[in-house]
Asks: 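Structure incoming, see below.
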Amino acid sequence: MIAVTAALIGFFAFVIMRVTTPQMTTLFTDLSVEDSSGIIKDLERQGIQFEIRNEGSIIMVPKDKVTRLRMKLAEGGLPKGGGVGYEVFDKSDALGTTSFVQNINHLRALEGELARTIRAIDRIQAARVHLVLPERPLFAREAPEPSASIVVRVRGSLEAQQIRAIRHLVASAVNGLKPQRVSIVDEAGQLLADGAATDPEQVVGDERRTAFEKRMRKQVEDIVSSVVGSGRARVQLSADFDFNKVTQTSDKFDPEGRVLRSSQTREEQSMTADNNGQVTVNNELPGNQQNNGAAAKDQSKKTEETNNYEISRTTKTEVTEAGRVNRISVAVLVDGIYTKNDKGELAYQDRTKEQLDRIATLVRSAIGFDQKRGDQVEVVNLRFADAPSTAPIGEPGGFLGMLQFTKDDVMYFVELGVMMLLGLVVLFLVIRPLVKRILASDDVAAAISGVLAGPAASEEAAPAAGQQLLPSGAASAIDVATIQGQVHAQSVHRVGELAERNPNETVAIIRQWLTEPAK
């Protein structure tokens with residue numbers, strides 16, 4: 001009894017302590033050893049209960065204090081993220097430090113700050129940055145280019161756009177660093193981005209094609225799903241892009257559209273006399289007048305006109321940027337129609353050609369179909385392997401919709417239920433049999449005492465009853481004797497059964513009778 005009582009007390013004490021213990025939740029995860037030790041010291045100084053899991057990388061605190069603790073620790077600069085940032089320059093013993101140490105500290109601070117910034121990106125759990133900033137050698141015309149190496153631990157996989165963003169982020173933070181000189185490796189040793197000088201236009205082109213296909217595919221899925229139902233259509237879209245940049249210049253002259261630019265007119269007039277070829281002194285004297293008859297004269301006149309015209313000219317320069325869509329191919333697979341038959345089962349039925357043509361028309365309008373470009377659209381109706389569920393699951397509304405339990409709340413209620421169930425099991429399987437056994441022992445002792453005392457009482461009562469019944473007649477006396485014999489037989493039989501079932505109690509009662517003084 002003492003052992004059972006101690007066990008029950010310990011069990012109920014465990015249940016009470018477990019129920020009254022505050023619910024613990026995660027304060028921080030993926031902590032380094034330095035950050036974990038600093039946070040634990042601060043929690044011990046504040047006297048707050050905490051738990052350590054996963055070798056110190058996870059710290060659990062009471063759920064009602066997690067928000068205040070995060071703000072309090074953030075005020076003290078915890079967690080630091082496992083790296084040294086610009087706080088390395090907060091020390092006051094910088095006087096007398098050499099330039100070499102200052103350069104090393106600056107490099108450490110820059111690497112730590114970049115690692116913290118990269119960890120802020122989604123899907124990245126941890127990051128480490130290595131920078132190579134070579135100094136320009138003496139008497140050298142060109143300085144070596146800096147480079148960077150980044151190791152990241154991710155959840156899942158990174159997209160090409162995220163990798164490109166990390167490279168540009170690091171390149172923009174370091175003077176003289178080019179994005180092509182940044183290498184990125186994940187925790188599995190997979191090379192996400194090499195430090196080679198790849199063509200950035202090609203990378204941009206691939207991202208542009210992928211984004212275009214994703215956007216067009218979503219548009220087609222939305223418009224088709226609104227007709228056939230959610231999840232009853234599959235769309236595959238492929239786009240052919242031309243990333244060649246073309247510059248074309250053309251000149252066009254219009255002879256009908258001319259304009260007079262300049263005009264020049266020139267006139268010449270000359271006159272000569274015929275003297276028969278005689279040359280005399282008289283002819284050469286000034287003022288010589290000869291009227292020896294009319295001499296023959298030769299007169300000439302020349303007019304020259306020059307007009308300059310401007311002919312209409314059109315110069316056209318066309319620049320076709322890279323990323324033209326040459327062709328779009330779309331394949332749409334739609335499920336049929338499901339109806340219930342007389343037995344209540346789902347029956348499949350193919351869609352009509354008219355419905356498929358209408359769906360194809362909608363798809364052509366959604367992608368901007370151009371037949372001259374060679375676009376192709378195929379809509380096929382086939383039965384899917386999985387049939388739609390007959391009873392769709394909807395979100396709970398009303399009072400149930402207001403009960404938004406989290407995973408921690410559910411686990412807490414489950415734990416309380418298990419504790420209550422264990423308490424009921426102990427109550428009905430341990431305590432209840434013990435109580436019944438104690439009460440049964442008292443009843444057995446009282447019954448044995450009453451049975452053993454019964455024959456003597458009946459013998460004492462029998463003569464009195466016989467004395468009362470004798471005057472009534474012999475028949476009544478015989479009946480009384482018979483009844484008394486049956487009572488004696490039943491009493492003896494009952495005493496024997498009780499003695500067989502409880503021999504220890506019977507022996508104790510007999511010993512008690514033997515020790516009692518005779519009356």
Side-chain angles (χ1 to χ4, degrees), residues 28-36 54-55 57-58 77-89 103-136 142-215 217 239 241 243 322-323:
F28 292 110
T29 59
D30 298 329
L31 293 173
S32 61
V33 179
E34 295 80 5
D35 291 339
S36 180
N54 198 11
E55 297 181 357
S57 61
I58 300 176
L78 291 174
K80 298 179 180 179
V84 180
Y86 284 113
E87 64 271 7
V88 71
F89 297 104
N103 293 334
I104 293 297
N105 290 336
H106 178 265
L107 184 62
R108 291 177 58 196
L110 185 58
E111 291 176 348
E113 293 294 334
L114 287 175
R116 294 176 183 177
T117 305
I118 293 174
R119 279 196 300 271
I121 300 176
D122 190 19
R123 297 184 184 179
I124 295 181
Q125 294 181 340
R128 190 170 183 181
V129 180
H130 300 278
L131 297 178
V132 178
L133 305 178
E135 296 182 358
R136 183 174 180 177
E142 297 181 357
E145 295 184 358
S147 60
S149 302
I150 304 174
V151 181
V152 295
R153 184 170 71 247
V154 298
R155 294 186 296 266
S157 60
L158 293 177
E159 299 179 357
Q161 184 177 2
Q162 292 177 319
I163 297 173
R164 183 165 166 260
I166 294 174
R167 299 181 72 178
H168 281 270
L169 172 68
V170 177
S172 301
V174 179
N175 185 21
L177 181 60
K178 297 180 180 179
Q180 294 78 16
R181 300 280 296 172
V182 179
S183 302
I184 302 177
V185 183
D186 62 0
E187 73 279 7
Q190 183 180 0
L191 184 62
L192 303 180
D194 56 358
T198 56
D199 188 5
E201 294 184 358
Q202 181 179 0
V203 177
V204 174
D206 295 339
E207 293 180 359
R208 182 176 179 182
R209 182 179 66 252
T210 304
F212 177 81
E213 291 177 351
K214 183 178 180 180
R215 177 171 57 85
R217 187 185 301 112
F241 273 71
F243 295 104

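Note that the numbering runs from 1 along the sequence shown for the chain.
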Asks: Do the side chains of V154 and E187 get nearer than 4.5 Å, heavy atoms only?
Replies: yes
Asks: Who are the side-chain contact (heavy atoms from CB on, under 4.5 Å) partners of E142, not counting sequence neighbours?
Replies: none
Asks: Looking at every heavy atom in both A239 and R209, which two are closest together, and how far apart are they?
Replies: O-CD, 3.5 Å
Asks: What are the two closest heavy atoms between R167 and I184, and how far apart are they?
Replies: CG-CD1, 3.6 Å
Asks: Quick one: CD on Q180 to OG on S147, what's the gap to the nearest 0.5 Å?
Replies: 13.0 Å
Asks: Would you say that L131 contacts L114 through its side chain, given a criterion of any heavy-atom pair below 4.5 Å between the two side chains?
Replies: yes
Asks: Tell me whether R116 is salt-bridged to E113, with the criterion being a basic N under 4.0 Å from an acidic carboxylate O.
Replies: yes
Asks: Applying side-chain contact (heavy atoms from CB on, under 4.5 Å), can you list everything that pairs with I58, at least two apart in sequence or on another chain?
Replies: T26, T29, R53, N54, M60
Asks: Is it the case that more than 12 heavy atoms not belonging to E145 sit under 6.0 Å from its CD atom?
Replies: yes
Asks: Once rounded to the nearest 0.5 Å, what's the spacing between atom NE2 of H168 and atom CG of L177?
Replies: 11.0 Å
Asks: For the residue pair I163 and A193, what are the closest heavy atoms and their distance?
Replies: CG2-CB, 3.8 Å
Asks: So among T117, L110, I150, which one has a side chain to side chain contact (heavy atoms under 4.5 Å, CB included) with V170?
Replies: I150
Asks: Which heavy atom in A171 sits nearest to a heavy atom in K178, and how many Å separate them?
Replies: CB-C, 3.8 Å
Asks: Give the table of side-chain donor-acceptor pairs shorter than 3.5 Å for residues 121-130, with sequence neighbours excluded, one pair per line with atom names and distance.
Replies:
from, atom 1, to, atom 2, distance (Å)
R123, NH1, S157, O, 2.7
Q125, OE1, R153, NE, 3.3

